[in-house]
Q: 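Below are the structure tokens for one structure; questions will follow.
Computed from a predicted model, the values in this text were never measured in an experiment. Ligands are counted one by one from 1 in listed order, and the atoms in each one are counted from 1 as well. Throughout, residue positions are numbered sequentially from 1 according to the sequence presented.
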Amino acid sequence: METSKAHVALLPLPGMGHMIPFLGLGKLFVTHHNFKVTIFLVSIDHSSQTLSKTIISEMSNELCNIVQLPPVDITGVVDPNATVGLRLSVTMREIVPAFRSSVATMKPCPTVLITDIFGTDAFSVAEEFGMLKYVFSPSNAWILALTIYTPVLDKEVKGEYVHQKEPLKIPGCASVRVEDLFDPLLDRTNQQYDEYLHAGIRLRTSDGVLMNCWEELQPKTVAALRDDKLLGCVLKRPVYPVGPIVTQSGNSSKSGLLFDWLNKQSNDSVVYVSFGSGATLSHEQMTELAFGLELSQQRFVWVVRAPTKESGNKTYLKGRSGDENHDQFGYLPNGFMSRIQNVGFVISDWVSQVDILSHPSIGAFISHCGWNSTLESILMGVPIIAFPLFAEQKMNATMLTEEFGMAVRLEVLPSKKVVGREEIQKKVRKIMVDNEGHGIRDRVNELKYSAKEALCKGSSSYKALSELAKRFEARMQLQNKKAPSPITHE
Ligand SMILES: *[C@@H]1O[C@H](CO)[C@@H](O)[C@H](O)[C@H]1NC(C)=O
Ligand SMILES: *[C@@H]1O[C@H](CO)[C@@H](O)[C@H](O)[C@H]1NC(C)=O
Ligand SMILES: *[C@@H]1O[C@H](CO)[C@@H](O)[C@H](O)[C@H]1NC(C)=O
Ligand SMILES: *[C@@H]1O[C@H](CO)[C@@H](O)[C@H](O)[C@H]1NC(C)=O
Ligand SMILES: *[C@@H]1O[C@H](CO)[C@@H](O)[C@H](O)[C@H]1NC(C)=O
């Protein structure tokens with residue numbers, strides 16, 4: 001018999017933003033602890049299924065096993081106009097039988113299930129097969145604190161959260177300003193709120209919670225999650241900051257016109273502008289941004305997506321394709337492309353963000369503050385100009401400016417109002433030119449150092465992973481002893 005190793009089953013939400021950090025986590029269990037790792041991919045339709053399997057396989061480098069679960073049809077279960085968040089949580093519930101069938105065929109059966117905050121319905125399968133049950137939040141400690149504490153707020157706060165006069169207090173953590181609240185909390189009568197509440201309660205049935213941050217980044221929040229007098233008495237489960245987990249996609253190449261251009265620029269002299277793969281700006285916002293960049297008199301690289309038709313409305317996962325077919329960049333202001341010829345670089349092709357951010361010429365990042373962009377920015381020591389587009393990114397923006405001190409924030413919220421060119425040029429110059437920018441740059445370099453440390457042997461995230469590994473091995477031995485009959489959870 002081959003020497004047995006603990007077998008980790010990962011069940012992320014569909015979507016690259018979730019699958020990629022889970023893959024990164026899986027690779028750490030393989031490389032640090034020589035465990036066997038299987039990633040179960042969930043998908044909403046056939047086309048996304050093939051694409052994600054190809055990308056994940058390529059990035060996995062054969063380190064992890066990949067099992068594609070059949071796509072789930074949620075059309076009869078959820079309203080077609082339901083939010084992305086709601087559709088994802090329902091998908092994770094509907095996938096449970098398929099996940100069970102797949103686990104049932106595995107010999108030996110996995111030792112542990114690690115799933116997303118919205119994947120805990122699959123805990124029933126883990127219980128049936130005697131597996132440990134963990135949650136991995138690919139986000140940071142503050143978001144986790146809010147998720148854990150929402151069931152308490154639900155009992156204590158009367159009426160809508162958005163109508164509260166005071167910020168929402170979370171024991172031991174920064175308060176959450178009402179205007180920063182993210183989507184699921186905006187409307188307590190919405191099904192999405194119930195899903196979020198359910199997720200917060202279900203976390204307490206896990207064996208522990210992993211998160212994609214590190215102790216030194218959020219020391220107070222992590223301490224509060226463990227403190228019995230603060231959030232520890234709500235969660236009653238160990239928490240493990242195991243980050244930063246950032247995985248580069250397979251085919252990065254630092255060649256081409258863009259990198260030739262960047263190579264000619266001096267260090268810290270270029271502003272990088274990108275809002276992630278899912279987001280597009282309104283036409284009006286795009287115009288203001290273009291003029292703002294021009295007025296700032298700084299060099300820039302702008303990864304553009306064609307603007308959305310309905311200006312002022314957020315559009316998620318829309319309007320991404322087809323940019324190339326039309327008069328390219330015709331949606332940018334008249335004459336813009338020729339005026340910026342020597343100072344700016346505008347592209348609409350796919351480029352590896354990590355490769356751009358790691359280029360020494362990049363001196364600032366205008367970002368929507370998605371968590372993985374934030375981690376990448378920290379690891380590359382690049383300060384951020386926070387441009388949150390969706391509700392859930394407002395908390396990120398607040399945290400980056402007030403807690404981490406690595407960003408400047410706009411006076412107006414881009415999700416509420418078009419940010420004018422003057423404001424954009426002011427914030428760009430604040431980081432790139434003004435004295436205040438130096439302090440922010442020093443701070444992000446400190447964070448970069450602590451991020452690089454965290455996963456080294458003997459450091460905080462490394463220790464957290466080792467502690468988990470010990471628990472997984474102990475469970476495996478128990479499973480081996482009692483196999484084949486399932487073990488009930490103690
Ligand atoms: C970050 O997330 C986006 C989608 O949210 C994804 O396309 C991208 O590959 C991710 N990057 C990394 C390095 O994980
Ligand atoms: C690789 O690069 C091409 C463009 O050259 C892009 O279309 C594709 O999505 C990239 N693949 C991955 C896995 O990121
Ligand atoms: C620019 O940055 C690179 C990489 O950090 C460094 O090796 C180089 O010495 C820097 N150049 C100048 C002129 O400071
Ligand atoms: C946003 O969309 C809604 C309908 O989806 C529409 O009624 C509203 O006028 C739009 N707002 C703007 C600023 O275009
Ligand atoms: C930051 O934004 C991302 C979405 O891009 C979200 O997944 C994450 O939970 C947010 N974190 C905070 C602290 O708001």
Q: Verify whether one side chain among S373 and Q353 offers a donor that lies under 3.5 Å from an acceptor in the other.
A: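 Result is yes, a qualifying pair exists.
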
Q: When you measure from atom 11 (N) of ligand 3 to the protein, is at least one non-hydrogen atom found at a distance under 4.0 Å?
A: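 At least one protein heavy atom is under 4.0 Å away.
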
Q: Look at the rings of H359 and F259 and say which category their plane angle falls in: under 30° parallel, 30 to 60° tilted, over 60° perpendicular.
A: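 Geometry flag for F259 against H359: tilted rings.
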
Q: Name the closest protein heavy atom to atom 3 (C) of ligand 3, giving the residue it belongs to and the distance to 0.1 Å.
A: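 Heavy-atom neighbour on the protein nearest atom 3 (C) of ligand 3: N267 ND2, 3.7 Å.
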
Q: Are a donor atom and an acceptor atom from the side chains of H368 and N396 found within less than 3.5 Å of each other?
A: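 Note: H368 and N396 side chains miss the donor-acceptor criterion.
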
Q: For a salt bridge (charged side-chain N to carboxylate O under 4.0 Å, His left out) check, start with the C-alpha distance between R443 and E446, then their side-chain angles and the critical distance, and finish with the verdict.
A: CA-CA 5 Å; R443 178 67 190 135; E446 284 170 27; 3.0 Å; yes

Q: Do me a favour and list the nearest non-hydrogen protein atom to atom 5 (O) of ligand 3 with residue, atom name and distance?
A: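 Looking at atom 5 (O) of ligand 3, the protein heavy atom closest to it is P360 CB, 4.4 Å.
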
